[in-house]
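Values reported hereafter were calculated over all heavy atoms of this structure, with side chains retained and with hydrogens, waters and symmetry mates removed. Predicted model only: the values in this text are computed from it and were never measured. Quick note: residue numbers are just sequence positions, from 1.
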Amino acid sequence: LQIFGKGDEEFLIRTSKDPNKDISTPAAQSLANVEATPAVLDRLREIWTKDSNPRLRTMAVRTIANATKDDTLADEAWKISTTDQGLRLFALDWWASHNKNRARIACLNQLKYPSNETLRVAAIRHLTALKDAEGSREVYNALLAIVGENSFAARAAAINALDAYGDPAAIPEIEKLKDHSLFMIRRTAQSALDTLKKK
């Protein structure tokens, strides 16, 4: 695997336009690892706005956002409907790092009106760090409701989030799962109980 870096920008820009996707795709992906020169950013914007490959578009918009700190890109990415969730995952990641209130609202909306399980689990994991705004219990209550579901990934993520939240009030609901038929749910629940009971 060839590693590209500073000085390879012109070659990668040119190669990323090759009609052979086996050649152009790796070159385009490597643009994320070189200096974000104006020419690199221009090429990444072309990929972000025009390429048919959703993963390349996600790579491009992440790279542009990190280089330019353009907050509007997350909003644009969130609005795009695609079966690949990379663009919306980027938006959640960006908001979680740069606009916690916006991230909290978006994550809670995914719990209330889920688009799909991938985004829902990502939202729960972000809420693990975001927690509630001061004076609110909305995040806590939303996580507690998921603990009572029959889902696997979302339920496990919610248990971990409540563990990190640190409120012993969640113990009664989590205790219901310590004898669950699935080992991973039992183990996750027991780990959370061990932590919360020490509070």
Strictly distance-based, threshold 3.5 Å: is any side-chain N or O of [X] a donor or acceptor partner for the main-chain N or O of [Y]?
{"X": "R43", "Y": "S16", "answer": "yes"}
{"X": "Q110", "Y": "S115", "answer": "yes"}
{"X": "K100", "Y": "A96", "answer": "yes"}
{"X": "Q85", "Y": "T118", "answer": "no"}
{"X": "S136", "Y": "D132", "answer": "no"}
{"X": "D18", "Y": "I23", "answer": "no"}
{"X": "S191", "Y": "R187", "answer": "no"}
{"X": "E117", "Y": "P114", "answer": "no"}
{"X": "R186", "Y": "S181", "answer": "yes"}
{"X": "R88", "Y": "W78", "answer": "yes"}

[X], [Y]: one ILVMFWY side-chain cluster at the under-4.5 Å cut-off?
{"X": "F183", "Y": "I185", "result": "yes"}
{"X": "I64", "Y": "I80", "result": "yes"}
{"X": "V139", "Y": "I105", "result": "no"}
{"X": "M59", "Y": "F11", "result": "yes"}
{"X": "W95", "Y": "L130", "result": "no"}

Measure the spacing between [atom1] of [X] and [atom2] of [Y] and express it to the nearest 0.5 Å.
{"X": "L87", "Y": "L92", "atom1": "CG", "atom2": "CG", "value": "11.5 Å"}
{"X": "L127", "Y": "I146", "atom1": "CG", "atom2": "CD1", "value": "8.5 Å"}
{"X": "T58", "Y": "D93", "atom1": "OG1", "atom2": "CG", "value": "10.5 Å"}

Q: Can you tell me which residue pairs pass the ring pair (Phe, Tyr, Trp, His ring centres under 6.0 Å) test with a partner in residues 124-156, sequence neighbours excluded?
A: Y140-Y165

Q | For T195, side chain to side chain donor-acceptor pair (under 3.5 Å) partners two or more places apart | A | D163

Would you say [X] has more than 12 foreign heavy atoms packed within less than 6.0 Å of its [atom1]?
{"X": "R125", "atom1": "CZ", "value": "no"}
{"X": "E46", "atom1": "CD", "value": "yes"}
{"X": "K69", "atom1": "NZ", "value": "yes"}
{"X": "R55", "atom1": "CZ", "value": "no"}

If you look at every heavy atom in [X] and [Y], which pair is closest and at what distance?
{"X": "A189", "Y": "I174", "result": "O-CG2, 3.6 Å"}
{"X": "I47", "Y": "A60", "result": "CG2-CB, 3.9 Å"}
{"X": "V61", "Y": "F90", "result": "CG1-CD2, 3.7 Å"}
{"X": "A74", "Y": "A91", "result": "O-CB, 3.5 Å"}

(Q) We want to know whether D84 and T82 form a side-chain donor-acceptor pair, criterion being a heavy-atom distance below 3.5 angstrom. (A) no

**Q.** Side chains of W94 and N99, donor plus acceptor under 3.5 Å
**A.** no

Q | Among L56, T63, I13, the one residue meeting side chain to side chain contact (heavy atoms under 4.5 Å, CB included) with L44 | A | T63

Q. Are K79 and E76 close enough for a salt bridge, meaning some N to O gap below 4.0 Å?
A. no

Q. Is E138 salt-bridged to K131, going by a charged N under 4.0 Å from an acidic O?
A. no

